[in-house]
Amino acid sequence: MRKNSRIITLAVAAAVMMAVTACGSKDKTETTASTEATTEAVTTTGAETTASEAESTEEEDQAEEEEMDEAAEETTASAAGEIGSDGVFKAANGKFEIKVPAGWTIDEGSDDEYVTFLSASGDDMLEIMTISGSSADSIREIYPDTAEEYKNMVSRGDDMEILSYDVMTKDDGSQTFQYSMKYTNPNDGIHYLAESGSYDAAKQTYSCATGTVMSTDEAVSKQVEEAVKSFKIK
């Protein structure tokens, strides 16, 4: 009887130990799983937050850059002047106006000396200069009376051909001029150039519109020539 009682006691003790051990193992597993889940959640949240912050920062930088570009364009346009709905550009300082080819935009400019326009392709340019004072005498080009004389005194590349030439010179040295030419540059091919303007010796003012065409489309050349011919000094 005592032996059976001891066996029963040992069995009960063993059962209690097994129960305790099982509970401990379960608690440990649950704790480990819970810790891993929490760590994963924190890591995922941190990654999502970092990605979100990076995306937000990138969007803010892009928006800020676009605003700066727009402001720069607006400043350039307002400083130089505006292209009207009729395609005529009127200088903000009131010194000149010119009919700009359709689709061309203001590239850069100031309200005192210059403004440039670019074609949609960016290959062709129209440049306006209005210089006053002693610098007008040094920067201006002096044109001879005939196209042949001009061709002999300048070199703008190979196969230079004067297409039109009209120069009038007054006794005091004042001039009005309009000409166009075509030539080949070894580095970048055929150029078409048209220029129109005037020099007033008494007022020491030099005003010039120059169009340079890289496009091979003859229609563009005609547009540029028409543009420089429309150049008017106020």
Side-chain angles (χ1 to χ4, degrees), residues 80 88-89 91 95-101 104 106-110 112-234:
V88 176
F89 174 86
K95 288 184 177 181
F96 68 89
E97 68 177 44
I98 186 170
K99 186 172 178 59
V100 180
W104 287 45
I106 299 172
D107 180 46
E108 61 178 332
S110 67
D112 52 358
E113 290 188 347
Y114 73 93
V115 60
T116 59
F117 306 88
L118 286 180
S119 62
S121 66
D123 295 330
D124 316 303
M125 183 174 71
L126 184 61
E127 181 180 16
I128 312 299
M129 293 179 61
T130 54
I131 309 298
S132 300
S134 58
S135 57
D137 292 324
S138 59
I139 199 171
R140 80 183 184 97
E141 186 173 3
I142 301 174
Y143 299 94
D145 292 332
T146 67
E148 193 62 30
E149 289 177 291
Y150 183 66
K151 187 174 181 179
N152 290 333
M153 67 179 282
V154 299
S155 176
R156 293 185 181 272
D158 301 328
D159 306 321
M160 187 177 74
E161 179 183 359
I162 305 295
L163 304 176
S164 65
Y165 191 84
D166 184 13
V167 174
M168 293 183 63
T169 306
K170 294 183 179 180
D171 293 338
D172 65 352
S174 297
Q175 285 188 320
T176 58
F177 54 89
Q178 188 282 313
Y179 67 90
S180 61
M181 68 171 67
K182 183 170 64 174
Y183 60 93
T184 303
N185 188 314
N187 295 326
D188 48 25
I190 296 175
H191 288 242
Y192 173 87
L193 183 145
E195 196 162 66
S196 177
S198 64
Y199 168 70
D200 189 320
K203 295 181 180 179
Q204 281 191 309
T205 58
Y206 174 71
S207 303
C208 178
T210 305
T212 305
V213 177
M214 292 292 294
S215 304
T216 56
D217 188 352
E218 290 186 3
V220 179
S221 299
K222 290 180 179 179
Q223 288 178 341
V224 169
E225 186 166 3
E226 290 174 0
V228 298
K229 285 181 178 180
S230 72
F231 181 52
K232 295 179 181 180
I233 306 300
K234 297 293 186 177

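The figures that follow rest on heavy atoms only: side chains count, while hydrogens, waters and symmetry mates do not. These numbers were taken from a predicted model, which means no experiment stands behind them.
In terms of heavy atoms, K151 sits closest to I162 at CB-CG1, 4.2 Å. Considering every non-hydrogen atom in both V228 and E225, the closest pair reads CG2-O, 3.1 Å. Residue G173 comes nearest to Y199 through the heavy atom pair O-CD2, 3.6 Å, listed as atom of the first residue, atom of the second, then distance. Contact detail for Q178 and S164: the closest heavy-atom pair is NE2-OG, 3.8 Å. Looking at every heavy atom in both residues, S230 comes nearest to I98 through OG-CG1, 3.5 Å. Taking all atoms of both residues into account, the shortest heavy-atom contact from V213 to S221 is CG1-OG, 4.0 Å.
Note that CZ of F231 and CZ of F89 are 10.5 Å apart. Values are rounded to the nearest 0.5 Å. In this structure, CG in N152 is found 8.0 Å from OG1 in T146, a value given to the nearest 0.5 Å. From T169, atom OG1 reaches atom CD of Q175 across 3.5 Å, with rounding to the nearest 0.5 Å. Distance check, rounded to the nearest 0.5 Å: OG of S207 to CZ of F96 gives 8.5 Å. Between the CE atom in M160 and the CG atom in N185 there is a gap of 13.0 Å [rounded to 0.5 Å]. The CD1 atom of I139 sits 11.0 Å away from atom OG of S134, with the distance rounded to the nearest 0.5 Å.
Between the side chain of S180 and the backbone N or O of A194 there is no donor-acceptor pair closer than 3.5 Å. Put simply, the side chain of Q204 never gets that close to the backbone of A201: no donor and acceptor are under 3.5 Å apart.
When each of D107, V224, I128 is tested with F117 by the rule side chain to side chain contact (heavy atoms under 4.5 Å, CB included), just one qualifies, namely I128.
Counting non-hydrogen atoms of other residues, nucleotides and ligands closer than 6.0 Å to CG of L163 gives a total above 12.
Ion pairing between a basic and an acidic side chain is recognised when a charged N comes within 4.0 Å of a carboxylate O; E218 and K222 show no such pairing. A salt bridge is defined here as a Lys NZ or Arg NE, NH1 or NH2 lying under 4.0 Å from an Asp or Glu carboxylate O, and E97 with K234 meets this definition.
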Open item on the list: If you apply the rule side chain to side chain contact (heavy atoms under 4.5 Å, CB included), what do you find for Y183 with I190, and how did you get there?
Closed with: CA-CA 6 Å; Y183 60 93; I190 296 175; over 6 Å; no
Open item on the list: What verdict does the side chain to side chain contact (heavy atoms under 4.5 Å, CB included) test give for E149 and Y165, after you've listed the backbone C-alpha separation in whole Å, the side-chain angles of each residue and the deciding distance to 0.1 Å?
Closed with: CA-CA 11 Å; E149 289 177 291; Y165 191 84; over 6 Å; no
Task: Residues H191, M214; criterion side chain to side chain contact (heavy atoms under 4.5 Å, CB included); working and verdict - done: CA-CA 5 Å; H191 288 242; M214 292 292 294; 3.2 Å; yes
- [ ] Step by step, work out the side chain to side chain contact (heavy atoms under 4.5 Å, CB included) result for M168 and D145.
- [x] CA-CA 7 Å; M168 293 183 63; D145 292 332; over 6 Å; no
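Counting heavy atoms from C-beta on, the side chains of T130 and T205 never come closer than 4.5 Å. Looking only at side-chain heavy atoms (C-beta outward), D124 and V220 come within less than 4.5 Å of each other. Between Y179 and V167, every side-chain heavy-atom pair lies at or beyond the 4.5 Å cut-off.
One side chain, E195 or Y143, offers a donor N or O that lies under 3.5 Å from an acceptor on the other. In this model, no donor atom of one side chain and acceptor atom of the other lie less than 3.5 Å apart for S198 and T176. Counting only N and O atoms by type, the side chains of T210 and E127 include no donor and acceptor under 3.5 Å apart. Between the side chains of D123 and S215, no donor-acceptor pair of N or O atoms lies under 3.5 Å.
R140 forms no cation-pi arrangement with Y206, by the criterion of a distance under 6.0 Å to the ring centre and an angle within 45° of the ring axis.
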